[in-house]
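Given the structure is predicted, the values throughout are model-derived calculations rather than measurements. Computed from heavy atoms alone, side chains included, the values below leave out hydrogens, waters and symmetry copies. Atoms within a ligand are numbered from 1 in the order they appear, just like the ligands themselves.
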Amino acid sequence: MADETAPQTSPETPYAAMGGAETVRALAHRFYDLVGSDPAYAELRALHGPELAPIADSLAGFLSGWLGGPRDWFESGRGCIFSLHGAVPIDHRTAGQWADAMARSIDSEPRVPPQIAEKMKDTLGRMARSMAPREAAAS
Ligand code: HEM
């Protein structure tokens with residue numbers, strides 16, 4: 001039963017603030033369009049199989065739940081985003097390419113409010129870079 005005393009002004013999620021499913025889908029597909037077309041991301045592109053569109057859909061699903069929207073992706077049993085990349089040979093260079101392409105995709109999307117855009121670029125960039133093993137200390 002609905003609690004009539006619950007506050008009606010729960011803070012808006014980032015997902016809602018940016019316009020929901022359409023914006024999130026556009027972000028994910030723009031990201032993979034860049035990865036597939038810009039030679040600056042050639043090494044990152046080469047880590048993927050021939051079909052990027054299904055991965056873009058999956059990325060949209062991840063981002064949806066991560067941004068406070070529908071959580072179907074998290075409930076689909078894929079596991080955690082870090083273990084999902086366990087077999088991908090990520091290094092600091094390709095992780096940097098991922099972060100750069102994601103930043104460009106976010107920057108090209110006017111529906112993402114600036115404060116949310118900054119936070120997303122920072123956090124997703126850190127997550128991507130943390131997937132690369134630390135460089136061995138120079139001797
Ligand atoms: C915040 C960081 C990242 C997020 C949120 C993310 C998200 C995703 C998602 C949702 C998928 C699809 C998984 C599936 O449905 O099977 C995926 C696949 C993939 N990601 Fe990432 N990713 C990140 C970072 C990276 C980085 C840094 C690299 C490489 C440098 C990378 C390379 C790949 C590859 C190669 C696949 C395809 C794996 C396959 O062929 O099955 N990802 N990623």
Side-chain angles (χ1 to χ4, degrees):
M1 189 190 269
D3 178 4
E4 314 253 323
T5 64
Q8 297 300 302
T9 53
S10 54
E12 192 179 37
T13 62
Y15 177 85
M18 68 179 66
E22 243 186 75
T23 312
V24 170
R25 186 181 157 76
L27 273 179
H29 280 266
R30 172 78 180 141
F31 169 82
Y32 273 112
D33 286 348
L34 283 167
V35 170
S37 63
D38 192 324
Y41 309 127
E43 290 92 350
L44 175 59
R45 174 67 188 88
L47 291 174
H48 293 76
E51 287 286 323
L52 294 179
I55 308 178
D57 287 338
S58 182
L59 177 60
F62 169 84
L63 289 174
S64 165
W66 187 73
L67 292 162
R71 298 184 56 79
D72 313 37
W73 189 93
F74 286 86
E75 281 149 19
S76 68
R78 281 185 172 83
C80 109
I81 196 74
F82 291 96
S83 53
L84 203 62
H85 289 80
V88 183
I90 300 174
D91 62 20
H92 78 282
R93 191 177 157 92
T94 49
Q97 291 176 7
W98 197 102
D100 189 73
M102 181 52 73
R104 280 175 64 192
S105 175
I106 293 167
D107 281 339
S108 73
E109 179 47 74
R111 289 170 288 188
V112 182
Q115 263 188 309
I116 293 175
E118 289 312 307
K119 185 101 182 132
M120 282 179 76
K121 287 189 283 183
D122 183 52
T123 309
L124 289 168
R126 284 166 196 260
M127 283 168 67
R129 290 189 165 89
S130 75
M131 290 178 184
R134 296 227 186 110
E135 297 291 292
S139 50

**OP:** Tell me which protein heavy atom sits closest to atom 7 (C) of ligand 1, plus the residue, atom name and distance to 0.1 Å.
**Re:** Ile81 CD1, 3.5 Å

Original post:
Can you list the atoms of ligand 1 that are under 4.0 Å from a heavy atom of Phe62?
Top reply: 5 (C)

Donor-acceptor pairs are to be reported for all side-chain atoms of residues 50-62 against protein atoms at under 3.5 Å, with residues two or more places apart or in another chain.
residue, atom, partner, partner atom, Å
Asp57, OD1, Arg25, NH1, 2.8
Asp57, OD1, His29, NE2, 2.8
Ser58, OG, Trp73, NE1, 2.9

Subject >> Distance from atom 18 (C) of ligand 1 to nearest protein heavy atom, with residue and atom >> reply: Ile55 CG2, 3.7 Å

Original post:
With a 4.0 Å cut-off, strictly under, does atom 20 (N) of ligand 1 pick up any protein heavy atom?
Top reply: yes

**OP:** Check whether any protein heavy atom sits under 4.0 Å from atom 38 (C) of ligand 1.
**Re:** no

**OP:** Under 4.0 Å from a heavy atom of Leu124: give me the atoms of ligand 1 that qualify, with their elements.
**Re:** 1 (C)

Subject >> Proximity to ligand 1 by part of Leu63, non-hydrogen separation under 4.0 Å >> reply: neither

Original post:
Can you list the ligand 1 atoms lying under 4.0 Å from a non-hydrogen atom of Arg78?
Top reply: 14 (C), 15 (O)

**OP:** Output the list of atoms in ligand 1 that are nearer than 4.0 Å to some heavy atom of Thr94, sorted by atom number.
**Re:** 30 (C)

Subject >> Which residues share a side-chain contact (heavy atoms from CB on, under 4.5 Å) with Ser108, sequence neighbours left out >> reply: Arg30

Original post:
Of all the atoms in ligand 1, which lie at a distance below 4.0 Å from a heavy atom belonging to Met127?
Top reply: 1 (C)

Subject >> Val112, Thr13, Val24 screened by side-chain contact (heavy atoms from CB on, under 4.5 Å) with Leu67, the one that passes >> reply: Val24

Original post:
Is any heavy atom of the protein nearer than 4.0 Å to atom 33 (C) of ligand 1?
Top reply: yes

**OP:** Any atoms of ligand 1 less than 4.0 Å from a non-hydrogen atom of Leu59? List them with their elements.
**Re:** 7 (C), 10 (C)

**OP:** Would you confirm whether Ser130, through its side chain, and Met127, through its main-chain N or O, come within 3.5 Å as a donor-acceptor pair?
**Re:** yes

Subject >> atom 41 (O) of ligand 1 touched by protein heavy atom at under 4.0 Å >> reply: no

